[in-house]
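In the text below, chain A, chain B and the rest are named by the order of the sequence lines, each starting its count at 1. Predicted model only: the values in this text are computed from it and were never measured.
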Amino acid sequence: MHVPILKQGPNLIATVQAALTDADLVELRDELAAKVGNLRSRGVVVDVTALDVIDSFALRTLRSIAYTTRLRGAETVIVGIQPNVAFAMVQLGMKLEDVATALDLEEGLALLNRELRGGGNHGG
Amino acid sequence: MADETRVPIASELDIVTARQQGRGLAAQLGFPLGDQTLIATAISEVARNILQYARRGEVRLELIQQGRLRGIQVVARDDGPGIADIAKAMQDGYSTSGGLGLGLPGCRRLMDEFDVDTSVGKGTVVTLKKWVR
Amino acid sequence: MNDPSFQPIQRSLLDEMGLTEKEWARRRAWLAFTEEDVERLRELNKFASSYADLVIEELYNHFLSFEETKAFFRDPQTLQRVKSLQKAYFKGLTEGDYGLDYVAGRVNIGSVHARIGLEVKWYMGAYTFYMRTVGERIFRQFKNDLDKALSYYFSLKKLAYLDMILAIETIIFLREQTIRQQQEAIRELSTPVLQLREGLLILPIIGLIDTQRARQLTQGLLGAIRATRARVVILDITGVPAVDSKVANHLIQTVDASRLMGAIVIVTGLSGDVAQALVTIGVDLSRIRTVGDLQGGMEEAERILGYRVVRDENPARGTVR
């Protein structure tokens, strides 16, 4: 299932759907990397509100999205991790250490705008 | 309500199937949402291990009972290479975030009971149980 | 059991108590309650029905002759209702149907008595009454065939034991249910999540933290973060008496989980000494933001959120009339 990516000013917004396969996630990473390069985006918001499970593969891929986009000059914020999912993730020992996180799309965009204005707080 | 479901694991889509079935069974058992997510996450991890290390296997989901307690049992079985050093695999340093490890210590934290039966060349069976509080 | 005075059979209570077909079969096997016993009890049925009313009258006269148990049956309506319940119970002993419906009926009676507050000693005493009065009648009736009388008596006794065990289990289960509810209430009371300002939550923890409590605390906090859109959380552990590595790891997990939801956690109330000790035993505190006291934590939180607290040079003093 293809993940739609929207452009909003200097930012890109990708909203993930529920039944996301491994292949979809990898495809998303590659697409985001390409678009950031082409559109010279400064920020990326990946909204995972619909994910009811984030396992080790999903985590690795989210992290690699953050890394690849950063290489091309954009900061990524992961938003929408649900309470139950966050709890399961820490139980499993997974951390999103160098990746910014925010509560939802609104907060994520606010964070990116603060960053852009130079002097916002990192979510971590 | 079926007491037992078997999900063959041969592709990444099967991982999704296994965890969705697990969540469904957990919901039927009356597990709160938080526990449902823990169970689904643990199933996702063990199913993923099967795929990664053995290419194919099976996840069996079962309703279990012990006295007054009711719960779910997850048995992840494969005929893969087996785990050579189980002690190392159970160490937390072998984290899933680095992509090196099997996430087994994490699975143990997610569930109430945990058992792994494995030897080189003989495959692996991971048994997980969680009880409704 | 088509007695209309019976409440609808509560199968869900049986499920909660773990009383399944399988379990009931094991129970019967454990007490060696076989098909033969079922047969014998059925044979007794006609005989038992003939004196059912008499036995029930005798039972309640017994109850009414003791001050302590008289009190429960002052209301004639209650007395009538309980008598007809008991009569149905008594008949059930020899009707020959000892499956889960039977179990449900027994559990129902047990829970009714538990709820009206009839103490165990009086309630269980009723079983002896049955064995005594019914036993006497059986031996009188079949005095020319002692073997038969004995076999009837023993079958009845097995059933009485099965019933007694159910009664005790029901009482225990209901008590444990109450305890669980109270524990839940205590847990909720003991860790309130308070919203101080928009975007700021404070979680003052008092008392010991075990795994169960840590989990509940964390889940509650994560839910509150979502509900209030909090960006900063102050976790105050001044009131936690013993902070060992286990507790520290629970806190780290809470911090990590909150961060995944975009919230920064500031831990206050962790003394320098304790922090030092934890670091020495290998706990990685670098990932937690700590501030010595609550006030300091508040100031840090406000700073992060972009609040500036300005003091009024001439605040109003005294109370306003």
Side-chain angles (χ1 to χ4, degrees), chain A residues 1-3 16-30 46-68 70 76 78-101 103 123-124, chain B residues 9-24 26-27 31-53 59 76 89-112 114 128 130:
Chain A
M1 198 184 312
H2 178 76
V3 178
V16 153
Q17 279 88 45
L20 193 75
T21 65
D22 293 358
D24 294 332
L25 261 175
V26 173
E27 191 189 311
L28 174 64
R29 182 194 61 200
D30 297 340
V46 180
D47 189 341
V48 298
T49 305
L51 289 184
D52 66 337
V53 170
I54 293 179
D55 64 9
S56 57
F57 181 86
L59 183 82
R60 283 203 291 279
T61 317
L62 288 173
R63 200 189 260 117
S64 97
I65 288 176
Y67 290 162
T68 49
R70 189 177 290 147
T76 299
I78 308 295
V79 309
I81 298 178
Q82 294 305 298
N84 288 332
V85 178
F87 187 73
M89 286 170 72
V90 301
Q91 291 285 90
L92 203 51
M94 302 192 285
K95 300 179 247 293
L96 262 179
E97 258 152 357
D98 329 312
V99 184
T101 51
L103 185 70
Chain B
I9 306 292
S11 80
E12 51 125 321
L13 294 170
D14 296 330
I15 297 176
V16 179
T17 308
R19 68 174 186 236
Q20 279 175 346
Q21 295 271 28
R23 184 181 278 275
F31 277 104
L33 276 171
D35 284 353
Q36 286 178 36
T37 303
L38 298 180
I39 292 165
T41 308
I43 291 172
S44 201
E45 285 301 300
V46 292
R48 196 171 285 288
N49 283 340
I50 291 176
L51 207 57
Q52 194 164 349
Y53 298 98
V59 169
M90 289 307 297
Q91 269 178 14
D92 251 320
Y94 250 47
S95 71
T96 56
S97 43
L100 297 170
L102 307 173
L104 291 179
C107 288
R108 184 164 57 184
R109 276 191 294 269
L110 288 170
M111 306 290 279
D112 293 335
F114 172 94
L128 306 166
K130 197 166 188 75

Residues in side chain to side chain donor-acceptor pair (under 3.5 Å) contact with A:Asp47, at least two apart in sequence or another chain = A:Thr49

With chain A as the partner chain, list the residues of residues 32-41 of chain B whose heavy atoms fall under 4.5 Å from it, by residue number, and write 'none' if nothing qualifies.
-> B:Leu33, B:Gly34, B:Thr37, B:Leu38, B:Ala40, B:Thr41

List in chain and number order the residues that pass side chain to side chain contact (heavy atoms under 4.5 Å, CB included) with B:Arg108, two or more places apart in sequence or in another chain; answer none if no residue qualifies.
-> B:Met90, B:Phe114

Heavy atoms only, distances under 4.5 angstrom: which of A:Val53, A:Leu20, A:Ile54, A:Val85 has the most pairs with chain B? Name it, please.
-> A:Val53

For B:Arg109 and A:Gln91 the tightest heavy-atom approach is NE-O, 2.5 Å

Those residues at least two apart in sequence (or on a different chain) that pass side chain to side chain donor-acceptor pair (under 3.5 Å) with B:Arg19 are B:Ser44

Between A:Asp52 and B:Arg23, what is the shortest heavy-atom contact and its length?
-> OD2-NE, 2.9 Å

On a heavy-atom basis, the closest approach of B:Glu12 and A:Thr21 is OE1-CB, 3.2 Å

Check whether any side-chain N or O of B:Glu45 sits under 3.5 Å from a backbone N or O of A:Asp55 as a donor-acceptor pair, and report yes or no.
-> no

Side chain, backbone, both or neither: which part of A:Ala58 has a heavy atom under 4.5 Å from chain B?
-> neither

